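This report concerns only the one structure given below.
Just so you know, these numbers use all the heavy atoms, side chains as well, and skip hydrogens, waters and symmetry mates. One-based numbering along the sequence shown. If you're wondering where the values come from, they're calculated on a predicted model, not measured in any experiment.
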Amino acid sequence: MILSHDVDGPAGAPAVVLLHSSVCDRRMWEPQWKPLLDAGFRVVRPDFRTCGDSPAAEAPYSDVGDVRELLDHLGIRRAAFVGSSYGGRVALTLAALHPDRVSALALLCPARPAQRRGPALLAFNAAEDALLEAGDLEGAAALNARQWLGPDADEAAHELVRAMQLGNFQATLAGDEDHELPEPAVELGAITAPVLAVGGAHDIPDFRDFPAELPSLVPGAVHVELDWAGHLPSLERPAQTTRLLLEFLPCS
């Protein structure tokens, strides 16, 4: 199955693939979509399984394999990737396993491959699980918006995150079985692409510490912490985040 996706821009233009957070779907990239097109990129944004318009899997799959299959389907041999949270984890794994497919990595509060959850994330997961077990999907979606959006996010951003997360919960619960394959072990030192690792000062330690550590794990990686950001900076200060991406991404 090819992931549900949007694609626009000239076929010969440098490609950039936008990978969303697991809290969201591809709609989270709406503020960045047109500026990246206007800058001359061919822009692709997929929905992971059970997110947005991509249904649950009916056979074994991996998100990395799904993204690679989408690139092949679109005739894209090499692309830059922008990954938010879990999308950053997928992008890092793809870049480590298939370095020839990745020209650059811009990681916004990325999750660590094979992540071990710290106390703050465990506490959040427990609160979320309690709401889900009680059948309060809307309450769990609202909890996610409060947790993951920083202080500069407006009500429209909160409403969008609530809607995206609610849809993801509903799609996951509607699936008959989880067919996701175990996450492969990766060596981040195998990554050859330039890496921009962005953290948010208002995020929890799990997602602040890993971007700060990446320069020690990936040769040449650059770390930036945004003093205003929570976990989803592209929705909190969209224009400022877009400028940061455009300054980093290769346009040829």
Side-chain angles (χ1 to χ4, degrees), residues 3 16-26 28-29 44-52 54 57 61-71 79-99 101-102 104-118 120-122 124-125 128 144 147-148 161 164-165 168 172 178 180-200 203-218 221-225 229-235 241 245:
L3 295 174
V16 58
V17 181
L18 309 177
L19 299 181
H20 63 80
S21 162
S22 61
V23 176
C24 302
D25 60 43
R26 71 185 193 260
M28 75 169 289
W29 300 116
V44 183
R45 53 177 179 180
D47 284 331
F48 293 127
R49 309 273 187 151
T50 70
C51 298
S54 290
Y61 79 98
S62 72
D63 289 314
V64 168
D66 280 348
V67 172
R68 193 177 67 247
E69 184 177 3
L70 174 61
L71 294 181
F81 285 81
V82 178
S84 173
S85 188
Y86 178 74
R89 175 167 156 178
V90 173
L92 277 166
T93 302
L94 178 64
L97 294 176
H98 307 283
R101 304 297 301 264
V102 180
L105 285 173
L107 308 171
L108 304 178
C109 308
R112 183 191 300 266
Q115 184 175 23
R116 291 178 180 153
R117 297 171 183 175
L121 188 53
L122 288 170
F124 167 78
N125 289 152
E128 180 188 60
N144 273 272
Q147 174 68 52
W148 302 122
V161 172
M164 291 187 290
Q165 179 66 94
N168 295 351
T172 299
D178 183 6
E180 187 171 6
L181 295 167
E183 186 175 15
V186 295
E187 173 50 62
L188 297 180
I191 294 172
T192 58
V195 175
L196 174 66
V198 178
D203 207 349
I204 64 175
D206 297 70
F207 300 107
R208 289 184 66 193
D209 295 346
F210 181 50
E213 187 184 351
L214 268 170
S216 69
L217 302 174
V218 179
V222 174
H223 169 242
V224 173
E225 181 163 282
H231 189 59
L232 300 170
S234 64
L235 290 171
T241 304
L245 295 176

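- Using a 4.5 Å cut-off on side-chain heavy atoms (C-beta onward), Pro110 and Pro211 make contact.
- For the pair Pro184/Thr93, a side-chain contact is recorded, criterion being any heavy-atom separation below 4.5 Å from C-beta on.
- No donor-acceptor contact under 3.5 angstrom links the side chains of Asp25 and His20, judged on distance only.
- Interatomic distance, Leu105 CG to Leu196 CG, rounded to the nearest 0.5 Å: 9.5 Å.
- Checking Arg208, Arg112, His223 one by one against Glu213, the side chain to side chain donor-acceptor pair (under 3.5 Å) holds for a single residue, Arg112.
- Contact between Gln147 and Ile204 at its shortest, heavy atoms only, is NE2-CG2, 3.4 Å.
- Leu235 and Cys24 make their closest contact through CD1-SG, 4.5 Å (heavy atoms, listed as atom of the first residue, atom of the second, distance).
- Across all their heavy atoms, Pro215 and Val222 have their closest contact at CG-C, 4.4 Å.
- Nearest heavy atoms, Thr241 versus Pro233: OG1-O, 2.9 Å.
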Practice task
Please test Arg49 against Leu3 for side chain to side chain contact (heavy atoms under 4.5 Å, CB included), starting from the C-alpha separation and ending with a verdict.
Solution key: CA-CA 7 Å; Arg49 309 273 187 151; Leu3 295 174; 4.2 Å; yes

Practice task
Tell me, with the steps shown, if Asp66 and Phe48 meet side chain to side chain contact (heavy atoms under 4.5 Å, CB included).
Solution key: CA-CA 8 Å; Asp66 280 348; Phe48 293 127; over 6 Å; no

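- For the atom pair CZ of Arg68 and CZ of Arg101, the computed distance is 7.5 Å after rounding to the nearest 0.5 Å.
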Practice task
Run the numbers on Met28 and Val161 for side chain to side chain contact (heavy atoms under 4.5 Å, CB included), then give the verdict.
Solution key: CA-CA 8 Å; Met28 75 169 289; Val161 172; over 6 Å; no

Practice task
Go through the steps for Trp29 and Val82 under the test side chain to side chain contact (heavy atoms under 4.5 Å, CB included), then give the verdict.
Solution key: CA-CA 10 Å; Trp29 300 116; Val82 178; 3.7 Å; yes

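- Side-chain contact between Val67 and Phe81: present, with at least one pair of heavy atoms (C-beta onward) separated by less than 4.5 Å.
- When every heavy atom of Ala120 is checked against every heavy atom of Pro205, the shortest pair comes out as CB-CD, 4.3 Å.
- Shortest non-hydrogen contact noted between Pro113 and Leu188 is CG-CD2, 4.4 Å.
- Using a 4.5 Å cut-off on side-chain heavy atoms (C-beta onward), Val23 and Ser85 make no contact.
- To the nearest 0.5 Å, the span separating CG on Leu245 from CG on Leu108 amounts to 5.5 Å.
- In this structure, OG in Ser21 is found 11.5 Å from CZ in Arg89, a value given to the nearest 0.5 Å.
- Leu92 pairs with exactly one of Val186, Val102, Ile191, Val64 by the side chain to side chain contact (heavy atoms under 4.5 Å, CB included) rule, that one being Ile191.
- Put simply, the residue from Trp148, Tyr86, Phe124 that forms a ring pair (Phe, Tyr, Trp, His ring centres under 6.0 Å) with Phe207 is Trp148.
- Once rounded to the nearest 0.5 Å, the distance linking SG of Cys109 with CG of Asp206 reads 12.0 Å.
- Between Ser84 and Leu232, some side-chain heavy-atom pair lies under the 4.5 Å cut-off.
- To the nearest 0.5 Å, atom CZ of residue Arg116 and atom CG of residue Leu122 are 12.5 Å apart.
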